[in-house]
Amino acid sequence: MPRPGSKLRNEARLACPSDASAGSVARRDGGSCSGPGDCGGLAAIMVMGRRRCAHWMVPLFCCLLLAFPSHGPRAVEAFVGAYGINYGRIANNIPSPDKVVALLRSSKIRNVKIYDADHSVLDTFKGTGLNLVIAVNNGLLKDFAANESSAIDWLKDNVQPYLPQTRIVGITVGNEVLGGDPSLAEPLIGAVKNVYNGLKKLHLEDKIELFSPHSEAVFANSYPPSACVFNDNVMVYMKQLLDFFSRIGSPFYVNAYPFLAYISDPEHIDINYALFQPNPGILDPNTSLHYDNMFDAQVDAAYAALKAAGYNDMEVRVAETGWASSGDQNEVGASVENARTYNFNLRKRLFLRKGTPLKPKIPVKAYIFALFNENSKPGPSSEKHYGLFNADGRISYDIGYSGLLPSSAPSSLLSMKMIIGLY
């Protein structure tokens, strides 16, 4: 979740500098997967009688299995569609879990991520059909790394009893560890492996996706996007983590905040570039790809870092992104209007299910931060004001949702029906 620190300086480098040139439209990869060159055999099978077709199809299917064997574990699909929400609960005044379920269903938000494994949430989500990602928080990493039995006991307490009624589809292990607390870097690797070993022993490894979200602090530089690489001081652990996640088919999750980049350097960053509003954009001189928003640039910077590290085929997803509707005096840009503009435009962009300039064929998937304003969060004032909804269930601003109670927030330019039509 957002917090002040070193990652602001890294995120700022994704901004359009004053001398960055606007460029031509993004270059897109052409072509598509081609089908079989000869359809004659298929046509012959189709005209066979039902009984004869069955005799031919069984050996044909077996031959296809031999010709195209499976490599590696089957990837778990923990994210349906492109839009999800972070359900943070560091507050003493937000709605109860049953009301939250009603809010999520009425808003047609199916992907939900929490920061613990609270049983009141797990119980309430039973039978709802909502996809839930739960968390092993940073405080458990050392114990889980040292004791596989602790990881297994945690899974037996917080996962196994709830399946399949509660659709637990993913587990985050740690949050923003690398580039953060150095004492947790090595335990993170052990904890991830022991949680996965526990899932295997419980025969759940093909049902639950495992990942660990990273902040922008793991990157040494990120402008232009194609030049992004991982920081040397995290690579010894990042390499181990990426090796393991590559083997089990997990995506790379990054917390991407154009808001944090903007407030760190508002004099040199075009706020329209950060808000998905019309702007000249930037041209990556190494790829000739044009970026008209910072969010896409941040995602492609992560892809570039993965490629430089040798993991070109790993998918990038966004574990957190959002914009604060209020903040301290020095948090320039934290306003209701900017928060509404960012989240409204981001929602439209995600529902189009399109990729980035670098990876146009891989739709971007993101969890929005956050569901509610959280009045007990520490840190700058903005930390308490990322919610799409107020604590009483009213919308913070209108981007097409309706809250638990009527609101006087300004009307959205795009109706809920129109947005769902895009989805």
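These figures come from a predicted structure and were not determined experimentally. Values below: every heavy atom of this structure, side chains too, minus hydrogens, waters and symmetry copies.
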Report summary line: For D98, the salt bridge (Lys or Arg N to Asp or Glu O under 4.0 Å) test, sequence neighbours excluded, returns none

Query raised in the report: For D143, which residues count as a salt bridge (Lys or Arg N to Asp or Glu O under 4.0 Å) partner, sequence neighbours excluded?
Result: none

Query raised in the report: Does any N or O in the side chain of N293 come within less than 3.5 Å of the main-chain N or O of D296, such that one atom is a donor and the other an acceptor?
Result: yes

Report task. Would you confirm whether S106, through its side chain, and L103, through its main-chain N or O, come within 3.5 Å as a donor-acceptor pair? Result -> yes

**Report entry** Flag side-chain contact, heavy atom, 4.5 Å: I362 against Y303
**Finding:** yes

**Report entry** Residues which pass side-chain contact (heavy atoms from CB on, under 4.5 Å) with E148, listed by chain and number, not counting sequence neighbours
**Finding:** I152, N194, N197, K201

Query raised in the report: So, does S215 use its side chain to make a donor-acceptor pair with the main chain of A217 at under 3.5 Å?
Result: yes

Report summary line: Sorted by chain and residue number, the side-chain contact (heavy atoms from CB on, under 4.5 Å) partners of D116 (sequence neighbours excluded) come out as R89, I114, D118

Query raised in the report: Between D181 (side chain) and S183 (backbone), is there a donor-acceptor pair under 3.5 Å?
Result: yes

**Report entry** Within 45° cone and under 6.0 Å: R347 NZ/CZ vs Y401 ring
**Finding:** yes

Query raised in the report: Taking side chain as C-beta onward, heavy atoms only, is K156 less than 4.5 Å from L202?
Result: yes

Query raised in the report: So, S107 side chain and I109 main chain: donor-acceptor pair closer than 3.5 Å or not?
Result: no

Query - Side chain R340, main chain D398, donor-acceptor under 3.5 Å - result: yes

**Report entry** Ring centres under 6.0 angstrom apart (H214, F252)
**Finding:** yes

Query raised in the report: With sequence neighbours left out, which residue pairs that include part of residues 165-187 fulfil the ring pair (Phe, Tyr, Trp, His ring centres under 6.0 Å) condition?
Result: none

Query raised in the report: Can you check whether V80's main-chain N or O pairs, donor with acceptor, with N111's side chain at less than 3.5 Å?
Result: yes

Report task. Could you check if a side-chain atom of F244 sits within less than 4.5 angstrom of a side-chain atom of I189, using non-hydrogen atoms only? Result -> no

Report task. State, yes or no, whether a side-chain contact exists between F344 and Y397 at a heavy-atom distance under 4.5 Å. Result -> no

Query raised in the report: Under 3.5 Å, is there a donor-acceptor pair between the side chain of S325 and the main chain of H385?
Result: yes

Query raised in the report: So, Y367 versus F79, ring centres under 6.0 angstrom or not?
Result: yes

Requested in this report: Check whether any side-chain N or O of N373 sits under 3.5 Å from a backbone N or O of G387 as a donor-acceptor pair, and report yes or no.
Outcome: yes

Query raised in the report: Can the ring centroids of Y311 and F245 be said to lie less than 6.0 angstrom from one another?
Result: no

Report summary line: Residues at least two apart in sequence or cross-chain that pass salt bridge (Lys or Arg N to Asp or Glu O under 4.0 Å) with D284, listed by chain then number, are none

**Report entry** Expected output: side-chain W323 to main-chain G333 donor-acceptor under 3.5 Å
**Finding:** yes

